[in-house]
Structures are given as structure tokens and as C-alpha cells.
Amino acid sequence: MTRSSLLSLVVSAALGFAIVADDDGDWTGFGTWGLPACALAYLVFALARGFARRPAVLAAQVAGVVLFGGVAAVALAVDPGVGRCAVAAGWLAHAAWDLAHFRADLVVPRWYALGCVVVDSFVGVSLAW
């Protein structure tokens with residue numbers, strides 16, 4: 001494991017603990033809108049790193065923004081208990097998205113994807129709890 005990956009794990013675990021500890025029970029703020037914002041970060045990385053020349057990679061990032069944005073929008077439109085569970089599932093799905101990016105070693109640096117796996121898992125589990 002590289003030093004940057006190890007540092008990413010430590011920092012993201014600390015951030016995950018901080019997010020969970022600061023949970024005020026209102027999942028409709030960061031919990032909901034952070035989901036498409038994180039997907040948007042991947043799209044921005046893709047554009048900044050020149051993946052606009054690779055339509056399939058760019059299309060996957062746009063699809064991620066639409067998918068995770070849709071989860072957030074639907075979660076706010078349904079019963080709050082169902083919405084919270086949908087957002088929790090969305091964060092856990094985003095952790096899987098991060099893991100796929102980590103393994104592919106495309107779009108974002110590996111340390112970033114690894115850190116996101118940890119933080120997204122913390123957020124998803126805390127919302128499901």
C-alpha cells in the first residue's frame with residue numbers, strides 16, 4: 001500500500017467519524033445533497049484530467065450524477081423514513097462506485113477514490129442506523 005493510500009485511509013476514517021459524530025438527525029441536508037455533489041466531483045475530475053476525449057468514461061460520470069441526483073430528489077419526495085433509507089442505500093452504492101473507480105484507476109487518483117469509499121460507507125451506515 002502506498003503512503004498516499006495509507007494517509008487517505010487515516011484521514012477519511014477521521015472524517016467519517018467526525019461526520020457520524022456530528023449527525024443531528026437531519027439527513028435532508030448534507031446527507032441528501034452530498035450524494036450528487038460527490039458524483040459531480042467525479043465528473044469535474046474527469047473533465048479536468050482530459051477524459052472528455054473518452055466519451056464512454058465521460059458518459060459514465062454524467063450517468064452517476066444523474067443517478068445519484070435522482071436518488072436524492074426521490075428521497076425528498078417520499079415518506080421521510082423511506083427517504084432516509086434510500087439516501088443510506090445511495091451512499092453505500094456510491095461507496096461501490098468509488099471502489100470501482102479505485103480498481104479501474106481512472107478519473108480520480110486512487111487515494112481519492114479509496115478515501116471516498118471509507119467516508120461514503122460511514123455516511124451510508126450512519127444514515128441506515
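When reading the values below, keep in mind they use all heavy atoms of this one structure, side chains included, and skip hydrogens, waters and symmetry mates.
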| query | If every non-hydrogen atom of A86 is compared with every non-hydrogen atom of A75, which pair is closest and at what distance? | reply |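 Minimum heavy-atom separation between A86 and A75: CB-CB, 4.3 Å.
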| request: Give the minimum heavy-atom separation between A39 and F68, together with the two atoms involved. | output: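 Shortest heavy-atom separation between A39 and F68 comes out as CB-CD1, 3.8 Å.
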| Counting distance only, does the side-chain N/O of W91 pair as donor-acceptor with the main-chain N or O of G31 below 3.5 Å? |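 Side chain of W91 to backbone of G31: a pair is present.
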| Heavy-atom donor-acceptor pair, R84 side chain to L127 backbone, under 3.5 Å |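 Answer holds: yes.
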Side chains of [X] and [Y], heavy atoms from C-beta outward: is any pair under 4.5 Å?
X    : Y    : result
P36  : H94  : no
V57  : V107 : yes
V123 : L92  : no
C116 : Y42  : yes

| message | Walk me through whether F45 and L40 qualify under side-chain contact (heavy atoms from CB on, under 4.5 Å). | response | CA-CA 9 Å; F45 262 109; L40 185 60; over 6 Å; no
| request: Mind checking the CG-CG spacing from L58 to L43? Nearest 0.5 Å is all I need. | output: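 Answer for the CG-CG pair, L58 versus L43, is 6.0 Å.
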| Q61 CD to F51 CZ distance, which is reported to the nearest 0.5 Å |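 Separation between the atoms: 8.5 Å.
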| Is there a donor-acceptor contact under 3.5 Å linking the side chains of Y112 and D98? |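 No, D98 and Y112 have no side-chain donor paired with an acceptor closer than 3.5 Å.
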